[in-house]
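Comments concern the structure below.
We number each residue from 1, following the sequence as shown.
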Amino acid sequence: YTSGSTGTPKGVLGTNSCLVNRIAWDQNVGGSNASLMKTSVSFVDSIWEVFSSLTTGQPIVIAKKLEDLFAGVAPADLPDGIKLRTAFVPSILHKLALTADLNQPVLGKVDYWIIGGEKLGREQAADIKAAFPSERLINTYGASEFWDAAFYDLDEENPYDHVPIGRPVDNVRIYILDRFMRPCPPNVAGELFIAGDGLARGYCNRVALTASRFLPNPFAADGTRMYRTGDIGKWRKNGTIEYVGRSDDQIKIRGFRIEIGEVEAAVRQHHAVGDAAVVARPGVNDEQVLVAYIVANGGEPVDADEIREFVSSRLLQFMVPAHFVILDALPKTHSGKLDRKSLPAPEVRANIRTKPRNIRETVVTEVFSEVLEVDDLSVTENFFDVGGHSLSALIVLAEIRNRTGASLALTAFYERPTVEHVANELRGLMSEHQGEI
């Protein structure tokens, strides 16, 4: 199941041939390493993690929590000499490359990395290659409707400014078409259409939606179909594909597919909101974050924290905007449409600063500041208001465990994500040998 602009999840009917083709291609490219499984079995990527090992007789190494990889915690009884394969979205792998101990028991054994789920930036790719100079690094392009359809080896020479999504995987065809469904020449942007063995059957009990996205393939005489992705790309002269963006309001943040309209609808449901717009903006390390811009309903007062709590009760955490900005009115173009370029950058700092008052608050403040790259942080500021998100929260918890030995639950962190609250929670978790801290 994946997100839908109406708020109704779309069930994707994958096939056995999709899975077999994906695993066969992967083994041709990356060999038969054991899988590092760090994905919930409710998520589609777990299928690849499980069956890539089962089809080659290799073990599956289970990382109980994603934050364990940042903290260097290894599963029990990790076999000596084992070589691992795993998949990460670029933003998480980039964080690992910059902050984690790469010689730790688990990461030090990975020599084949699949990167996918969101656009890979050139600087991200450079940092990842520097951190893993001898490992195999494959950038992929895929979705629930067609799994991985294209791949690019980061060791390949790239004379362009952007990291490509590469070439079609085995038994998959990619078309880049203009609005008249004609093939685009090199360096001309068009919409990506996918055909071949990786294609799903359609959406569960959604006949009209299936018909609008899974179309007859005009370039095949065998009656097969192709999937209309909504993604924009262009062929390069060297035969690789460059991802340009979306043709609609759908975005990907940290690998999660998000419909902007669905988030806006949740914000507008609050009684104090008269109008709202949600956009993606660069945050810490240029990672994309959601920002909600809100106009009050008449003269009713608007409280950003109240709206955040309201939206959090209706959306999954990765869909909740990082910032809520109150405006008198949304800026419009001459034609009356939302002028996204004129939306102001969010002001994320508190006016009154409370400095750390004990050693615990000092330690937590240092961790928050390093992860968020924010100076002079107040102990009362909300972690998510100053640029934090679900991925950086994992890094914070891992670093706190590294420095204090205490493991704070992610749910407790989300309840009150301030230095003050986290330090108080740590007080009851600290081991005796840490004394005054």
Mind running side chain to side chain contact (heavy atoms under 4.5 Å, CB included) on N33 and L84 for me, showing each step along the way?
CA-CA 5 Å; N33 286 11; L84 300 175; 5.6 Å; no
Close side-chain approach of [X] and [Y], heavy atoms under 4.5 Å:
X	Y	result
F214	L199	yes
W235	I241	yes
T55	Q27	yes
I60	V50	yes
R173	F219	no
I115	Q124	no
F51	R22	no
V291	P321	no

Give every residue pair that meets the ring pair (Phe, Tyr, Trp, His ring centres under 6.0 Å) criterion with at least one member in residues 97-145, sequence neighbours excluded.
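As it turns out, the ring pair (Phe, Tyr, Trp, His ring centres under 6.0 Å) pairs with a partner in residues 97-145, which skip direct neighbours, are F88-W113, W113-F132, Y141-F146.
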Could you measure the distance from the [atom1] atom of [X] to the [atom2] atom of [Y]? Nearest 0.5 Å is fine.
X	Y	atom1	atom2	result
T140	W147	OG1	CH2	12.0 Å
E366	I400	CD	CD1	11.0 Å
S40	D45	OG	CG	11.0 Å
L215	T210	CG	OG1	11.0 Å
F413	L408	CZ	CG	8.0 Å
E145	C18	CD	SG	10.5 Å

Which pair of heavy atoms, one from [X] and one from [Y], lies closest together, and at what distance?
X	Y	value
A189	I232	CB-CG2, 3.9 Å
S342	P331	CB-CB, 3.8 Å
V169	A150	CG1-N, 3.8 Å
A195	M226	CB-CB, 4.0 Å
F383	S392	CZ-OG, 3.5 Å
S46	M37	CB-CE, 3.9 Å

Check for a donor-acceptor pair, side chain of [X] on one end and backbone N or O of [Y] on the other, with a separation under 3.5 Å.
X	Y	value
E242	K234	no
R213	R228	yes
T56	S53	yes
S35	S52	no
E191	G230	yes
N158	H162	yes
K83	S32	no

Return yes when atom [atom1] of [X] has more than 12 non-hydrogen atoms of other residues, nucleotides or ligands closer than 6.0 Å, and no otherwise.
X	atom1	answer
R201	CZ	no
N28	CG	yes
Q269	CD	yes

Using a strict 4.0 Å threshold on nitrogen-to-oxygen distance, state whether R403 and E370 make a salt bridge.
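Salt bridge between R403 and E370, a charged N being under 4.0 Å from a carboxylate O: yes.
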Would you please name every residue forming a side chain to side chain donor-acceptor pair (under 3.5 Å) with S212, sequence neighbours left out?
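S212: no side chain to side chain donor-acceptor pair (under 3.5 Å) contacts found.
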Please list, chain by chain and in numerical order, all residues satisfying side chain to side chain donor-acceptor pair (under 3.5 Å) with T86, sequence neighbours excluded.
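Partners of T86 by the side chain to side chain donor-acceptor pair (under 3.5 Å) criterion come out as none, since no residue qualifies.
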Between E156 and T240: side-chain donor-acceptor atoms closer than 3.5 Å
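No donor-acceptor contact under 3.5 Å links the two side chains.
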What do the steps show when you test V110 against E135 for side chain to side chain contact (heavy atoms under 4.5 Å, CB included), and what is the final call?
CA-CA 8 Å; V110 178; E135 287 83 347; 5.8 Å; no
What residue among D111, D155, D153 forms side-chain hydrogen bond (donor to acceptor under 3.5 Å, both in side chains) with R136?
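The passing option is D153.
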Check side chain to side chain contact (heavy atoms under 4.5 Å, CB included) between A272 and all other residues, then give those that pass, not counting sequence neighbours.
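A272: side chain to side chain contact (heavy atoms under 4.5 Å, CB included) contacts with H270, E300, V302.
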Could you tell me whether R314 sits above the aromatic face of F310, with NZ or CZ closer than 6.0 angstrom to the six-membered ring centre and within 45 degrees of the axis?
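Checked: cation-pi criterion met.
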Which residues share a ring-ring contact (aromatic ring centres under 6.0 Å, His included) with F151, sequence neighbours left out:
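Result, ring-ring contact (aromatic ring centres under 6.0 Å, His included) vs F151: W25.
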All ring-ring contact (aromatic ring centres under 6.0 Å, His included) counterparts of W48, not counting sequence neighbours
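Counting only residues at least two positions away or on another chain, W48 forms no ring-ring contact (aromatic ring centres under 6.0 Å, His included).
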L343 and L327: side chain to side chain contact (heavy atoms under 4.5 Å, CB included), yes or no, with the steps?
CA-CA 9 Å; L343 290 169; L327 299 177; 4.1 Å; yes
Step by step, work out the side chain to side chain contact (heavy atoms under 4.5 Å, CB included) result for L154 and L120.
CA-CA 11 Å; L154 292 191; L120 175 64; 4.0 Å; yes
